[in-house]
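Residue numbering restarts at 1 for every chain, and letters A, B, ... go by the order of the sequence lines.
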There are 2 protein chains.
Amino acid sequence: MNEAVQVIRKGRKFDQVVESARTLFMQHGFEGIGVDEIARKAGVSKATLYAYFPDKRHLFMEVARLECERQAERMEAEIDIERPVPEVLGAVGRAFIGIILSDFGRNMFRVCIGEGERFPELARQFYESGPMVMRAGMIEFLELGIARGELEIADVELAADQFPELCKAGVFLRLVTGVQTVFSGDEIDRVVDGAVETFMARFGANRG
Amino acid sequence: MNEAVQVIRKGRKFDQVVESARTLFMQHGFEGIGVDEIARKAGVSKATLYAYFPDKRHLFMEVARLECERQAERMEAEIDIERPVPEVLGAVGRAFIGIILSDFGRNMFRVCIGEGERFPELARQFYESGPMVMRAGMIEFLELGIARGELEIADVELAADQFPELCKAGVFLRLVTGVQTVFSGDEIDRVVDGAVETFMARFGANRG
DNA sequence: CCGAATATAAACTGATCAGTTCAGTTTCGG
DNA sequence: CCGAAACTGAACTGATCAGTTTATATTCGG
């Protein structure tokens, strides 16, 4: 089944390499760092690195996949979906913005989008192990909210897409274009609270 | 005042170069095409090209700036802001999605974001001549809608950021990651109409 | 029709960097 | 303690590509 994993993990210094790659990729992006430096920081020879991974791209993919898993787990652990819908949405929005603003998020977007044409495999894997997972979680949660009578949604998938998009309002574009790279807590609250309010105005079940 | 423009435009084959660059950049992105090919397609020698532009990046910037202007003009010409707010928003949304899905839009995002760290000048200029212009237009229009009594908005800037973001729901990310590259008219209608409905649910002045 | 501005072709520089090779060393299970 | 697997280091290959150079040719205003 998972032969691929076994094929890749064959040496004792595997984790050192991944950890070094994680740090450097997240800090400098894909093109911003050379394989030599990754090997050096890992305390490993370049030849060893290439014994583990067929090329730089697959090393990056592995790092990206792990990091997405990590973020997804953290998010799941932090958020209690039993709380009222607006509260949960607020928490989700703040976590989401946090990821987007992190070195990881910024560089992941940069690489996936920038490299998308030359390296479609990565962008697709990123979508599937990042945004798609979150989308599935959103759908699940929204359906719970509907069942609880807190939400009324005809097109749940569209709603699940709209919420994260709302959270990016005025942030994402300014971030990736470098127009603004630091956002205060107040700024984040403003956009997340705005997202929750807009979302609830449309989909909240107001019977009263 | 515009000495810079005069300094750049000094030969008779300038337009050929820009036009060639426009076509090829929009088709292959920034890194996807070499200067040699741009010169060849322009029917111009490489040396001539470098007589016009200090480097490849500034050539790209010029193309980007012109294309943004072009899109902004087209949008302004097509849309009649005297129509009812939801109708105007629908038209804006469809035009916006159209730009995003075009070769120009896709590659512009790709390059600005991908190249952002190494070439911040471009991303900033893009933000200013593209999204920022649209944002200003949105703000103006929303204020008109408020004055007309069709809208009620406390934070106009946030609302102006939210609408385009809503229009991207489920489209933008799938596009830039290559998960889905073609979108049907029905799909576009679904997301734009959904954006208008959500927006109006929050900001529409329903006194009835 | 002259001379200054502009354009050309094509070879060249120089820098970058992923990935390879190989001869030799270390590690570790059995 | 042996032999196989894993690892090392450092030089090397090979490809890409932006930008330069140079000697020559074309264009065009005055």
Protein-nucleotide distance ([X], atom [atom1]; [N], atom [atom2]), rounded to Å:
{"X": "A:Q16", "N": "D:dA6", "atom1": "CD", "atom2": "P", "result": "16 Å"}
{"X": "A:F14", "N": "D:dA5", "atom1": "CZ", "atom2": "C1'", "result": "17 Å"}
{"X": "B:E31", "N": "C:dC17", "atom1": "CD", "atom2": "P", "result": "12 Å"}
{"X": "A:K56", "N": "C:dG19", "atom1": "NZ", "atom2": "C1'", "result": "12 Å"}
{"X": "B:D15", "N": "C:dA7", "atom1": "CG", "atom2": "P", "result": "12 Å"}
{"X": "A:L49", "N": "D:dG9", "atom1": "CG", "atom2": "P", "result": "14 Å"}
{"X": "A:E37", "N": "C:dA18", "atom1": "CD", "atom2": "P", "result": "10 Å"}
{"X": "B:K46", "N": "D:dT21", "atom1": "NZ", "atom2": "C1'", "result": "12 Å"}

- prompt: Should the heavy atoms of other residues, nucleotides or ligands under 6.0 Å from CD of B:E187 be counted, would the total exceed 12?
  reply: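 More than 12 heavy atoms, drawn from other residues, nucleotides or ligands, come within 6.0 Å of this atom.
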
Of the candidate nucleotides [options], which contains the atom at the shortest distance from the side chain of [X]?
{"X": "A:Y50", "options": "D:dA18, C:dA18, C:dA7", "answer": "C:dA18"}
{"X": "A:D55", "options": "D:dC7, C:dA7, C:dG19", "answer": "C:dG19"}
{"X": "A:V44", "options": "D:dT8, C:dA9, D:dA18", "answer": "D:dT8"}
{"X": "B:R12", "options": "C:dT8, D:dC7, C:dT6", "answer": "C:dT6"}
{"X": "B:A47", "options": "D:dT8, D:dT21, D:dA18", "answer": "D:dT21"}

task: Please answer whether the main-chain N or O of B:P54 pairs with a side-chain N or O of B:H58 as donor and acceptor at a distance below 3.5 Å.
output: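 No; judged by distance alone, with no hydrogens or angles, the pair does not exist.
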
message: Determine whether a donor-acceptor pair (N or O, by modelled atom type, separation under 3.5 Å) exists between the side chain of B:R110 and the backbone of A:I113.
response: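 It does hold such a pair.
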
- request: Take B:I33 and A:G43, find for each the nucleotide of DNA chain D with the closest heavy atom, and name the residue whose nucleotide sits nearer the 5' end.
  value: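 First, find each residue's nearest nucleotide; the 5'-ward one identifies A:G43.
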
message: Using heavy-atom distances to pick each residue's nearest nucleotide on DNA chain D, tell me which of B:D36 and A:T48 is more 5'.
response: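 It is A:T48, whose closest nucleotide lies nearer the 5' terminus.
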
message: Please tell me if A:Y52 has a side-chain N or O lying less than 4.0 Å from either OP1 or OP2 of D:dC7.
response: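 It does, given that an N or O in the side chain of A:Y52 lies less than 4.0 Å from OP1 or OP2 of D:dC7.
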
message: Does B:K13 reach a base, just sugar-phosphate, or nothing at all? Heavy atoms under 4.0 Å.
response: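 Here B:K13 touches the backbone only, sparing every base.
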
query: Can the ring centres of A:F203 and A:F163 be said to be less than 6.0 Å apart?
result: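 No, they do not, as the ring centres are separated by 6.0 Å or more.
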
- prompt: Can the ring centroids of B:F60 and B:F119 be said to lie less than 6.0 angstrom from one another?
  reply: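 That pair fails the under 6.0 Å test.
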
